Amino acid sequence: MSSLDLTPLRSRFRGELIQPGDASYDSARKVYNAMIDKRPALIARCVDAADVMAAVDFGRENKLLTAIRGGGHNGGGLGTCDNGLVIDLSRMKGVHVDPTAGTVRVEGGCLWGDVDHATHPFGLAVPCGFISTTGVGGLTLGGGIGYLTRRYGLTIDNLLGVDMVLADGRFVTASAKENPDLFWAVRGGGGNFGVVTSFLFRGQPVKTVYAGPTFWPLDQTVEVLKAYREFILKVPDGVNGFFAFLTIPPVPMFPANLHNMKVCGMMWCCTAPPAEAEKATKPLRSVGKPLLDHVGEMPFPVVQSLFDGLYPPGLQWYWRADFVKELSDEAVARHAEHGAKLPSMHSTMHLYSLDGAGHRVGNTDTAFSYRDANWAQVIVGVDPDPAHAAKITKWCKEYFDALHPYSAGGAYINFMMEEGQERVQAAFRDNYTRLAAVKKKYDPSNFFRVNQNIKPA
Ligand SMILES: Cc1cc2nc3c(=O)[nH]c(=O)nc-3n(C[C@H](O)[C@H](O)[C@H](O)COP(=O)(O)OP(=O)(O)OC[C@H]3O[C@@H](n4cnc5c(N)ncnc54)[C@H](O)[C@@H]3O)c2cc1C
């Protein structure tokens with residue numbers, strides 16, 4: 001790379017160009033998952049769409065493997081690469097709220113916390129995920145599953161358009177009216193089609209929510225999970241919460257006698273008015289004998305950032321996931337068995353609801369093809385210590401292997417590591433062929449291939 005001439009890029013580029021040997025190289029190349037340790041040849045930290053166009057041209061003309069970094073959160077480290085170019089959007093953080101139109105324009109390098117901060121004073125929220133430090137770019141392009149899915153759909157169901165730079169350096173808009181084939185593909189197809197410089201979202205009227213945890217001892221798992229699977233599919237869309245196995249963190253917000261205890265539980269986040277949400281959640285919260293039931297009204301950004309402190313950047317993460325249609329008695333038994341073996345304080349398993357508004361969009365309406373699944377299941381082994389990487393990985397794989405036979409077959413691309421082409425195809429099912437045709441049209445040379453890759457048809 002040192003033999004490469006950066007002069008043509010410098011003349012077009014306003015942001016930072018960072019190479020091995022530069023003082024900021026080691027911090028700039030780090031991604032959220034410390035299990036990923038890649039050494040790009042060049043990090044192009046863009047400040048605007050013109051920089052992105054220049055970087056794409058440079059990468060293409062120099063035949064560089066090119067990765068796009070939004071928030072850098074991807075489990076498999078798909079926001080970076082070895083020996084290639086990273087188009088880093090982390091300085092593109094503008095958020096513009098139009099309170100009259102109820103829309104939110106978000107630049108490609110924003111994290112969800114940036115969006116929550118900007119929208120909350122207007123009484124709006126864009127449906128996002130379950131933590132505020134995740135990048136808007138990767139989360140949105142994969143679909144976007146979160147606290148507001150049952151009420152307002154996936155993040156992509158609230159996406160009105162994107163501005164993006166294609167592999168040939170052209171800047172285009174994709175929306176229902178302009179380049180609709182591309183707009184279909186970016187709603188679930190990941191970073192396969194170009195660099196999104198900005199997203200235009202519909203904001204939803206969310207200010208405060210009825211939220212918080214209910215935890216049960218592990219010996220009540222089967223009873224709780226069986227009650228949960230019936231309960232959640234019947235409650236109104238304004239009620240949501242994910243089921244989890246977790247270890248109660250030793251922090252002052254939890255009673256000291258519960259610290260470090262492994263539990264199963266619900267993390268609630270309901271948009272229904274508090275009295276309605278209280279009534280609707282009661283049947284599940286009354287199952288068995290909860291250890292802790294601490295639910296109340298709070299600002300949406302507070303719920304969104306509750307886990308930020310527990311999961312700072314720099315931990316080891318190993319991910320496995322699947323979509324799930326049914327939670328059979330056998331699957332519940334397997335969950336109880338493996339959930340009880342959480343290998344570290346940070347390791348967890350979550351079941352996220354996809355029904356409600358998420359189900360009112362068809363399997364082929366967007367590239368996200370598992371609208372008929374009821375849950376996205378994610379198992380993550382997490383630990384601060386690299387010496388424990390093998391232990392958390394083993395637990396995660398064994399848990400996944402035990403549950404995979406009960407799954408719908410494929411996984412949410414944003415919860416996958418690099419798991420091979422078969423798993424990518426399983427994630428898109430019948431939509432894969434159409435995605436491959438769109439890929440051929442907009443990126444025939446597969447320039448953007450550091451992702452859950454769709455091969456050009
Ligand atoms: C702690 C944690 C919590 C999470 N919670 C949720 C959740 O609640 N809901 C959920 O749906 N997902 C969740 N995820 C998964 C998350 O959606 C993915 O990790 C996602 O890839 C992160 O996006 P990013 O921009 O931060 O990632 P990056 O690593 O920067 O990029 C990931 C992929 O997206 C592409 N990409 C990113 N930005 C752009 C862009 N602007 N234009 C084109 N391509 C781009 C990249 O090419 C790459 O392939 C979570 C992840 C973590 C680590």
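Both ligands and their constituent atoms are indexed starting at 1 by order of listing. If you're wondering where the values come from, they're calculated on a predicted model, not measured in any experiment.
- Taking the centre and axis of the six-membered ring of F199, the NZ or CZ atom of R105 falls outside the cone set by 45° and 6.0 Å.
- The shortest N or O to N or O distance between V195 and ligand 1 is not under 3.5 Å.
- No salt bridge links K391 with E398; every basic N to acidic carboxylate O contact stays at or beyond 4.0 Å.
- In this structure, R150 pairs ionically with D355, as a charged nitrogen and a carboxylate oxygen lie closer than 4.0 Å.
- Between E419 and R320 there is a salt bridge, with a side-chain nitrogen of the basic residue lying less than 4.0 Å from a carboxylate oxygen of the acidic one.
- Both tests hold for R187 against F183: distance to the six-membered ring centre under 6.0 Å, angle to the ring axis within 45°.
- Residue-ligand proximity, G79 to ligand 1, at heavy-atom distances under 4.0 Å covers atoms 29 (O).
- Less than 4.0 angstrom separates some heavy atom of G135 from each of these atoms of ligand 1: 23 (O), 24 (P), 25 (O), 26 (O).
- When ring centroids are compared, Y311 and H346 come within the 6.0 Å threshold.
- For atom 9 (N) of ligand 1, the nearest non-hydrogen atom of the protein is I145 O, 2.7 Å.
- The shortest contact between atom 47 (O) of ligand 1 and any protein heavy atom is with I68 O, 3.3 Å.
- Side-chain atoms of N446 do not come within 3.5 Å of backbone N or O of D443 as any donor-acceptor pair.
- By the criterion of a heavy-atom distance under 4.0 Å, the side chain of F415, and not its backbone, is placed next to ligand 1.
- Taking all heavy atoms of A67, S198, G190, G71 into account, the minimum distance to atom 24 (P) of ligand 1 is reached by G71.
- The option with the heavy atom closest to atom 43 (C) of ligand 1, from among G129, G144, G194, G138, is G194.
- The part of V450 lying near ligand 1 is the backbone, judged by heavy-atom distances below 4.0 Å.
- A side-chain contact (heavy atoms from CB on, under 4.5 Å) with C128 is found for one member of V115, T149, V136, D116 and no other, namely D116.
- Other residues, nucleotides and ligands place more than 12 heavy atoms under 6.0 Å from the NZ atom of K93.
- Each of the following atoms of ligand 1 lies closer than 4.0 Å to a heavy atom of G191: 44 (N).
- For atom 17 (O) of ligand 1, the closest heavy atom belonging to the protein is N414 ND2, 3.2 Å.
- Within the 4.0 Å heavy-atom criterion, neither part of T80 lies near ligand 1.
- Taking only nitrogen or oxygen atoms, main chain and side chain alike, Y412 reaches within less than 3.5 Å of ligand 1.
- When non-hydrogen atoms are compared, ligand 1 lies under 4.0 Å from the side chain of W317 (C-beta onward) but not from its backbone.
- Salt bridge absent: R91 and D48 never bring a charged side-chain N and a carboxylate O closer than 4.0 Å.
- For W112, no heavy-atom contact with ligand 1 is shorter than 4.0 Å.
- Applying the 4.0 Å criterion to heavy atoms of T134 picks out, from ligand 1, the atoms 3 (C), 4 (C), 16 (C), 22 (C).
- For P127 against N158, the heavy-atom pair with the smallest separation is CG-ND2, 3.3 Å.
- In this structure, atom 48 (C) of ligand 1 lies nearest to the protein heavy atom L78 O, 3.3 Å.
- Remark: ligand 1 atoms within the under-4.0 Å shell around heavy atoms of F130 are 7 (C), 8 (O).
- Using a cutoff of 4.0 Å between basic side-chain nitrogens and carboxylate oxygens, R371 and D157 are scored as salt-bridged.
- Between R29 and D88 there is no salt bridge, since no side-chain N of the basic residue sits under 4.0 Å from a carboxylate O of the acidic one.
- Heavy-atom proximity to N451, at under 4.0 Å, picks out these atoms of ligand 1: 49 (O).
- For Y311, no heavy-atom contact with ligand 1 is shorter than 4.0 Å.
- For atom 28 (P) of ligand 1, the closest non-hydrogen atom of the protein is G72 N, 3.4 Å.
- Near L89, with a cut-off below 4.0 Å to any heavy atom, the atoms of ligand 1 are 40 (C), 41 (N).
- Proximity of a side-chain donor or acceptor of D22 to a complementary backbone N or O of Y25 within less than 3.5 Å is not detected.
- In this structure a side-chain-to-backbone donor-acceptor pair under 3.5 Å is present from Y412 to G144.
- Nearest protein neighbour of atom 51 (C) of ligand 1, counting heavy atoms only, is W319 CH2, 3.5 Å.
- Short contacts between ligand 1 and G108, defined as distances under 4.0 Å to a heavy atom of the residue, involve ligand atoms 41 (N).
- With hydrogens left out, the protein atom closest to atom 21 (O) of ligand 1 is N74 ND2, 3.0 Å, a heavy atom.
- Contacts between F448 and ligand 1, counted as non-hydrogen atom pairs separated by less than 4.0 Å, are absent for every part of the residue.
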